[in-house]
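This one's a predicted model, so the numbers in the text were calculated from it and none came from an experiment.
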Amino acid sequence: MAGSSAPWIGSAYLFLQSTCKTIVLPSLYESSQTKPNVFKALKLALADSTGSVNGVEVLKVHCSHPHLIVQLKFCKQENCRRFLRSYREGALQQSLQNHLQLSLAMTTVPLEMELKAGKGHLDSMLKDEDGCLECIYREKPDRLRDEEIAELEECLKSLLVHQSINNNTAVKDCASLTSSSLPYPSQGSSLSSQVTFLFQGQEFANRTLTPDDHQKFAKLVSKKWKQVGRSLQKSCRALRDPVIDNLALEYDREGLYEQAYQLLLRFIQSEGKKATIARLIAALEENGLLSLAEELLGLHANEDCS
């Protein structure tokens, strides 16, 4: 293929479509609320397929209903081989389904995938790995990375660096990295730096939500769990309206406790250390749930929620 003096560069298009009628990937990507989460899932799945976050580059994402079409650029033949094997074995599909499920807070995101390079449909020749490589190598990238993709990439890089620091060393001074966590850097910055907050004229220390907070909320919020969820969604894109509605349906038989519990679970899973008591108290205040707020802050431990 390529001579030893020239870098190995090729391009391909990955076509994605959800087999669930209620999940339309192009619409999710076109929405400013869910686009960062879809992109995050895509990049993490591609990293899984090659073993590196730099194994394959996303140049542009096209929305062509019902398909989401991802233009890929490969800069090393060995990375392309890993990608092809992951794609052929179904590992890429499973990884992307899992990452989309987590990023979008959905129960499942079933997918169909198709891989093309030029006029070649690679799905019909996946057993011929060298043939696939030749098709991808012949298809040189026709564009530079899209500006929007570059912005999304930078946010994701900051998040991965932050996670690496947390996993390997006990670094306390990482607020600037936390603030770059997807999908909303500026919002995360103000929240993560909030050490104290005011409630009814009193100052309280901000902290990450605890299991005890979680259980009290689920027990006492009652029918207003949806309203609280919609207040939280202003600063947590994982709690958009379809997610809240799905929780109501999925846990209808289990009752209000489980619905409220699952709502706050989505918030905690999505926001991590930024799922703080200050954010929850603000949502409770907005919906007139002052007794529950007082309960969570330990002001009136025996008082039921109004």
Side-chain angles (χ1 to χ4, degrees), residues 14 16-20 22-53 55-56 58 61 68 70 86-87 90-113 152-153 155-164 166-167 177-178 180-185 187-188 191-192 208-209 211 214 229 232-233 235-251 258-276 279:
L14 182 63
L16 305 172
Q17 179 182 358
S18 171
T19 57
C20 177
T22 60
I23 301 174
V24 184
L25 290 179
S27 297
L28 289 171
Y29 192 80
E30 287 171 333
S31 167
S32 60
Q33 293 184 345
T34 49
K35 176 180 289 186
N37 295 319
V38 175
F39 183 78
K40 175 184 175 182
L42 178 62
K43 282 295 294 182
L44 292 176
L46 290 171
D48 289 343
S49 73
T50 61
S52 168
V53 292
V56 56
V58 175
V61 178
L68 196 67
V70 187
S86 177
Y87 182 86
L92 174 61
Q93 181 177 355
Q94 186 60 55
S95 176
L96 183 53
Q97 287 178 167
N98 292 341
H99 285 302
L100 283 170
Q101 180 181 340
L102 290 171
S103 294
L104 297 172
M106 293 181 174
T107 53
T108 181
V109 185
L111 293 174
E112 285 183 349
M113 307 177 97
L152 291 167
E153 291 264 15
C155 288
L156 185 57
K157 283 180 183 178
S158 297
L159 173 63
L160 294 175
V161 169
H162 168 58
Q163 289 176 339
S164 177
N166 277 352
N167 289 339
L177 291 172
T178 323
S180 298
S181 177
L182 282 176
Y184 308 103
Q187 170 190 305
L191 290 168
S192 60
T208 303
L209 292 172
H214 198 164
L232 288 172
Q233 80 178 190
S235 63
C236 176
R237 301 303 175 94
L239 293 181
R240 65 198 190 291
D241 284 335
V243 173
I244 295 174
D245 293 337
N246 286 342
L247 289 176
L249 291 172
E250 187 174 353
Y251 296 98
E258 191 62 28
Q259 290 169 331
Y261 187 90
Q262 292 296 328
L263 172 83
L264 202 58
L265 180 62
R266 296 294 193 282
F267 176 66
I268 292 169
Q269 288 176 335
S270 171
E271 300 297 293
K273 291 182 178 179
K274 292 188 291 180
T276 61
R279 294 172 71 180

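The closest side-chain heavy-atom distance from Pro36 to Arg237 is not below 4.5 Å. Here the side chains of Leu152 and Val58 are not in contact, with every heavy-atom distance at 4.5 Å or above. Looking only at side-chain heavy atoms (C-beta outward), Val61 and Lys35 stay at 4.5 Å or farther from each other.
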**Request:** Dump the intermediate steps for side chain to side chain contact (heavy atoms under 4.5 Å, CB included) on Glu153 and Lys43, then the final yes or no.
**Result:** CA-CA 9 Å; Glu153 291 264 15; Lys43 282 295 294 182; 3.3 Å; yes
I'd like to know whether Arg240 forms a side-chain hydrogen bond (donor to acceptor under 3.5 Å, both in side chains) with Thr34, so could you lay out the CA-CA distance, the side-chain angles of the two residues, the decisive distance to 0.1 Å, and finally the verdict. CA-CA 9 Å; Arg240 65 198 190 291; Thr34 49; 5.3 Å; no
Check the pair Leu96 / Leu16 against side chain to side chain contact (heavy atoms under 4.5 Å, CB included), numbers first and verdict last. CA-CA 10 Å; Leu96 183 53; Leu16 305 172; 3.8 Å; yes
Q) What's the verdict on side chain to side chain contact (heavy atoms under 4.5 Å, CB included) for Val70 and Leu42, showing C-alpha distance, side-chain angles and the deciding distance? A) CA-CA 9 Å; Val70 187; Leu42 178 62; 3.7 Å; yes
Between Leu265 and His214, is the side chain to side chain contact (heavy atoms under 4.5 Å, CB included) condition met? List the steps. CA-CA 8 Å; Leu265 180 62; His214 198 164; 3.8 Å; yes
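Of all heavy-atom pairs between Ala275 and Ile268, the closest is CB-CA, 3.9 Å. Residues Cys236 and Glu271 approach most closely at SG-OE2, 3.6 Å, considering heavy atoms.
Using a distance-only test at 3.5 Å, with no hydrogens or angles considered, no donor-acceptor pair links the side chain of Ser18 to the main chain of Leu25. Judged by distance alone, the side chain of Ser95 and the main-chain N or O of Ala91 form no donor-acceptor pair under 3.5 Å. Side-chain N or O atoms of Gln97 include one that pairs as donor or acceptor with a backbone N or O of Leu111 at under 3.5 Å. Put simply, the side chain of Gln259 gets close to the backbone of Ala248: a donor and an acceptor are under 3.5 Å apart. Checking side-chain atoms of Glu112 against main-chain N and O of Gln17 turns up no donor-acceptor pair under 3.5 Å. A donor-acceptor contact shorter than 3.5 Å is absent between the side chain of Arg266 and the backbone of Ala238. Between the side chain of Ser49 and the backbone N or O of Leu46 there is at least one donor-acceptor pair closer than 3.5 Å.
Once rounded to the nearest 0.5 Å, the distance linking CG of Leu28 with CG of Leu100 reads 8.5 Å. Remark: Leu264 CG to Leu232 CG distance equals 7.5 Å, nearest 0.5 Å. Once rounded to the nearest 0.5 Å, the distance linking OH of Tyr29 with CG of Asn37 reads 12.0 Å. How far CG of Leu14 is from CG of Leu68: 9.0 Å, rounded to the nearest 0.5 Å. Note that CD of Gln233 and CG of Asp241 are 4.5 Å apart. Values are rounded to the nearest 0.5 Å. Lys274 contributes atom NZ, which lies 11.5 Å from atom OG1 of Thr208 (distance to the nearest 0.5 angstrom).
Residues forming a side-chain contact (heavy atoms from CB on, under 4.5 Å) with Glu258 (at least two apart in sequence, or on another chain): Tyr251, Glu254, Tyr261, Gln262.
Sequence neighbours left out, not one pair with a member in residues 94-106 passes salt bridge (Lys or Arg N to Asp or Glu O under 4.0 Å).
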